[in-house]
Amino acid sequence: HRAVDQFSRLCETFVNRIRQNSYSPNQFTDLISRHNIAFPHESDFLKIISKIFRDYIARIEETGEDDFSGLLTRAIEKINSGIHHFQKKKYVGNLKTLKYVLIDEFQDFTELFYKCVKEIKSLNRNAKFFCVGDDWQAINGFAGSDLKYFLSYSQYFDNSKSLQIQTNYRSTTKIVDSGNQLMQGKGV
């Protein structure tokens, strides 16, 4: 049972990474065909995961359901097709008139998130982006997050300003001191 659980988690993580990179089943198959196999069982795994991914996408298309990566991809497609309005319950908004966009947990930003933000930025050049994050809390690399957005913020957000919060108001001094000791020489 433990081996099946570990394999299932590995497959789930792998499929999520494929989705975060916006690969279709055909693009993924093409990527595999150009990949140099590093160890004997890698080829077997890639065949299995390719089948799982293809079936996963077929199931999404069949049911009309989607995962978070698919929702982001659909949002990007809607923006590209000229749909700029959004609705949440009774609130109706327009991406063209947004003044502010808040992005929390910015240290866990992904390529797919950036594509969505980039579309919003190209549609609404006046929107101001406020991103909050802590590189010491970057824990979603397995799911496709990339610290390059956090570490090179000004490259992705023009006329930006970065502020450092040096005081932790949520944790006790003992926890902060332990964390600082553990992270000595790491992070920004």
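Numbering of residues begins at 1 and proceeds along the displayed sequence.
Counting only heavy atoms from C-beta outward, the side chains of I37 and L46 approach each other to under 4.5 Å. Contact of the F150 side chain with the F109 side chain is not registered, since no non-hydrogen atoms from C-beta on lie closer than 4.5 Å. Using a 4.5 Å heavy-atom threshold, the side chains of V101 and K128 count as separate. Taking the side chain as every heavy atom from C-beta outward, V132 and I103 never approach each other to under 4.5 Å. Inter-residue side-chain proximity for L98 and N126 is flagged as unmet; no heavy-atom pair is nearer than 4.5 Å. Contact annotation: the side chain of R9 approaches that of D5 to within less than 4.5 Å [non-hydrogen atoms, C-beta and beyond]. Looking at F68 and T110, their side chains never come closer than 4.5 Å, going by heavy atoms from C-beta outward. Residues F157 and V117 are in side-chain contact: their nearest non-hydrogen atoms beyond the backbone lie under 4.5 Å apart.
Taken to the nearest 0.5 Å, the OG atom of S178 stands 9.0 Å off from the CG atom of N180. Separation of atoms NZ (K115) and OG (S22) is listed at 3.5 Å; rounding is to 0.5 Å. From K148, atom NZ reaches atom OH of Y114 across 9.0 Å, with rounding to the nearest 0.5 Å.
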Step-by-step ring-ring contact (aromatic ring centres under 6.0 Å, His included) determination, F106 to F129: CA-CA 11 Å; F106 189 64; F129 288 81; 9.8 Å; no

Audit row: E111, D146, side-chain contact (heavy atoms from CB on, under 4.5 Å) steps and yes/no: CA-CA 8 Å; E111 179 73 22; D146 192 335; over 6 Å; no

Check against ring-ring contact (aromatic ring centres under 6.0 Å, His included), F130 and Y100: CA-CA 7 Å; F130 183 80; Y100 304 100; 9.2 Å; no

Evaluation steps, side-chain contact (heavy atoms from CB on, under 4.5 Å), between I120 and K118: CA-CA 5 Å; I120 294 169; K118 188 175 172 184; over 6 Å; no

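Applying the side chain to side chain donor-acceptor pair (under 3.5 Å) rule to K96 yields no partners; only residues at least two apart in sequence or on another chain are considered.
One N or O on the side chain of N124 and one on the backbone of L95 form a donor-acceptor pair closer than 3.5 Å. Between the Q87 side chain and the V92 main chain, no donor and acceptor come within less than 3.5 Å of each other. Side-chain N or O atoms of S152 include none that pairs as donor or acceptor with a backbone N or O of Y149 at under 3.5 Å. Using a distance-only test at 3.5 Å, with no hydrogens or angles considered, a donor-acceptor pair links the side chain of K121 to the main chain of Y156.
In summary, E12 and R17 do not engage in a salt bridge, as defined by a charged side-chain N under 4.0 Å from a carboxylate O. No salt bridge links R59 with D55; every basic N to acidic carboxylate O contact stays at or beyond 4.0 Å.
Within a 6.0 Å radius of NZ in K47, no more than 12 heavy atoms belonging to other residues, nucleotides or ligands are found. The environment of CG in L102 is crowded: more than 12 heavy-atom neighbours from other residues, nucleotides or ligands sit within 6.0 Å. No more than 12 heavy-atom neighbours from other residues, nucleotides or ligands sit within 6.0 angstrom of CD on Q181.
Taking each heavy atom of D108 and A138 in turn, the nearest pair found is OD1-CA, 3.7 Å. When all heavy atoms are compared, the tightest approach of Q27 to S24 is OE1-N, 2.8 Å. Of all heavy-atom pairs between T29 and S50, the closest is OG1-OG, 3.7 Å.
Both V15 and F7 are assigned to one and the same hydrophobic cluster, defined by single-linkage of ILVMFWY side chains at heavy-atom distances under 4.5 Å. Residue L123 is not grouped with residue I83 when hydrophobic side chains (ILVMFWY) are merged at heavy-atom distances under 4.5 angstrom, including chains of intermediate members. Hydrophobic cluster membership is shared by L10 and I18, with clusters built from Ile, Leu, Val, Met, Phe, Trp and Tyr side chains linked at under 4.5 angstrom. By the criterion of side-chain heavy atoms lying less than 4.5 angstrom apart, applied directly or through intervening Ile, Leu, Val, Met, Phe, Trp or Tyr residues, I32 is grouped together with I48 in one hydrophobic cluster.
Using a 30° and 60° split on the angle between ring planes, Y91 and F86 fall in the tilted class, from 30° to 60°.
Sorted by first and then second residue, the side-chain hydrogen bond (donor to acceptor under 3.5 Å, both in side chains) pairs involving residues 67-81 (not counting sequence neighbours) are R19-D67, Q20-S69, Y56-D67, D66-R74. Legend: ring pair (Phe, Tyr, Trp, His ring centres under 6.0 Å) pairs involving residues 25-49, not counting sequence neighbours, sorted by first then second residue: F14-F45, F28-F53.
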